[in-house]
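Report on the structure given below.
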Amino acid sequence: MKLPSFACKVKEVDGKPYIFDVVRKKFVILSPEEWVRQHFVNLLIEHYRYPRALFAIETGLFYHSLRKRSDIMVLGSDAAPFLLVECKAPAVKLQPVVFEQIARYNYTLRPKFMAVTNGMEHFCFRVGAGGNLVFLDGLPLYSEEPGF
């Protein structure tokens, strides 16, 4: 399933395209990965009704003393990590190495759900018993219940 289009704000500065990020409330360089991130954020906000205030974009985290950045983090109503999303450019195949990357972030952040997307394919999953990945049929819906 390809991500739905939306009316995004785009501008050019010094010959480079920028897109307006509704979460960070600023224009950011429009790379292929950023295109996927902005479309996925729009999907979560407009189609799944996730509150914009619960999003964090490119938040820092540490993994074995290395500084990393998560692409999209959505917090639950209890402020605990709910959905962690790793975005890749459309040309990047969603191979095991992508899942390994987000699994490493899981050790630090411990979200209830994780997703990977390249804008053309999307996979959502959670960590089950024994550390196995349990793939879901779709993205979790937003709820105002604690920890939604």
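Basis for what follows: all heavy atoms, side chains included, without hydrogens, waters or symmetry-related copies.
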Margin query: How long is the straight-line distance from NE2 of His47 back to CG of Leu3, given to the nearest 0.5 Å?
Written below: 9.0 Å
Check: Which atom names give the shortest non-hydrogen contact between Phe123 and Glu121, and what distance separates them?
Finding: CZ-OE2, 4.0 Å
Next item on the list: Would you please name every residue forming a side chain to side chain donor-acceptor pair (under 3.5 Å) with Glu46, sequence neighbours left out?
Entry: none
Margin query: Could you measure the distance from the CD1 atom of Ile57 to the SG atom of Cys87? Nearest 0.5 Å is fine.
Written below: 8.0 Å
Check: Under the side-chain contact (heavy atoms from CB on, under 4.5 Å) test, which residues partner Ala80, sequence neighbours left out?
Finding: Asp78
Next item on the list: Provide the closest heavy-atom pair for Leu44 versus Phe55 in the form atom of the first, atom of the second, distance.
Entry: CB-CZ, 3.7 Å
Margin query: Taking side-chain contact (heavy atoms from CB on, under 4.5 Å) as the criterion, tell me which of Asp71, Ile29, Val28 meets it with Glu34.
Written below: Val28
Check: Who pairs with Val92 by side-chain contact (heavy atoms from CB on, under 4.5 Å), at least two apart in sequence or on another chain?
Finding: Lys88, Ala89
Check: How many angstroms lie between atom OH of Tyr50 and atom CG of Leu83, to the nearest 0.5 angstrom?
Finding: 5.0 Å
Check: Which heavy atom in Pro140 sits nearest to a heavy atom in Cys124, and how many Å separate them?
Finding: CD-SG, 3.6 Å
Which donor-acceptor pairs under 3.5 Å do the side chains of residues 15-22 make with protein atoms, sequence neighbours left out?
residue : atom : partner : partner atom : Å
Asp21   : OD1  : Val23   : N            : 2.7
Asp21   : OD1  : Arg24   : N            : 2.9
Asp21   : OD2  : Arg24   : NE           : 2.6
Asp21   : OD2  : Arg24   : NH2          : 2.8
Asp21   : OD2  : Gln38   : NE2          : 3.0

Notebook entry, point to check: Hey, any chance Val134 and Leu84 share a hydrophobic cluster, counting ILVMFWY side chains that come within less than 4.5 Å of each other, even indirectly?
Noted result: no
Next item on the list: List for me each residue that meets side chain to side chain donor-acceptor pair (under 3.5 Å) alongside Glu33, sequence neighbours excluded, and say none if there are none.
Entry: none
Item checked: Phe125 and Phe135 aromatic ring geometry - parallel, tilted or perpendicular at 30°/60° bounds -> tilted
Item checked: Nearest-0.5 Å distance, CG of residue Leu94 to CG of residue Asn118 -> 4.0 Å
Item checked: Residue list, ring-ring contact (aromatic ring centres under 6.0 Å, His included) with Phe40, at least two apart or on another chain -> His122
Checklist line | Heavy-atom pair with the smallest gap, counting every atom of Pro81 and Met73 | finding: CB-SD, 3.6 Å
Check: Do Leu30 and Phe6 sit in the same hydrophobic cluster, where Ile, Leu, Val, Met, Phe, Trp and Tyr count as joined when their side-chain heavy atoms come under 4.5 Å apart?
Finding: no
Next item on the list: Enter the distance from Met114:CE to Ile102:CD1 here, rounded to the nearest 0.5 Å.
Entry: 6.0 Å
Next item on the list: Please say which of Val41, Ile72, Thr117, Val85 ends up in a side-chain contact (heavy atoms from CB on, under 4.5 Å) with Val36.
Entry: Thr117
Notebook entry, point to check: What's the spacing between Phe82 CZ and Leu54 CG if we round to 0.5 Å?
Noted result: 10.0 Å
Note to self: For a side-chain contact (heavy atoms from CB on, under 4.5 Å) check, start with the C-alpha distance between Arg126 and Lys112, then their side-chain angles and the critical distance, and finish with the verdict.
What the structure shows: CA-CA 6 Å; Arg126 63 178 176 77; Lys112 288 187 178 185; over 6 Å; no
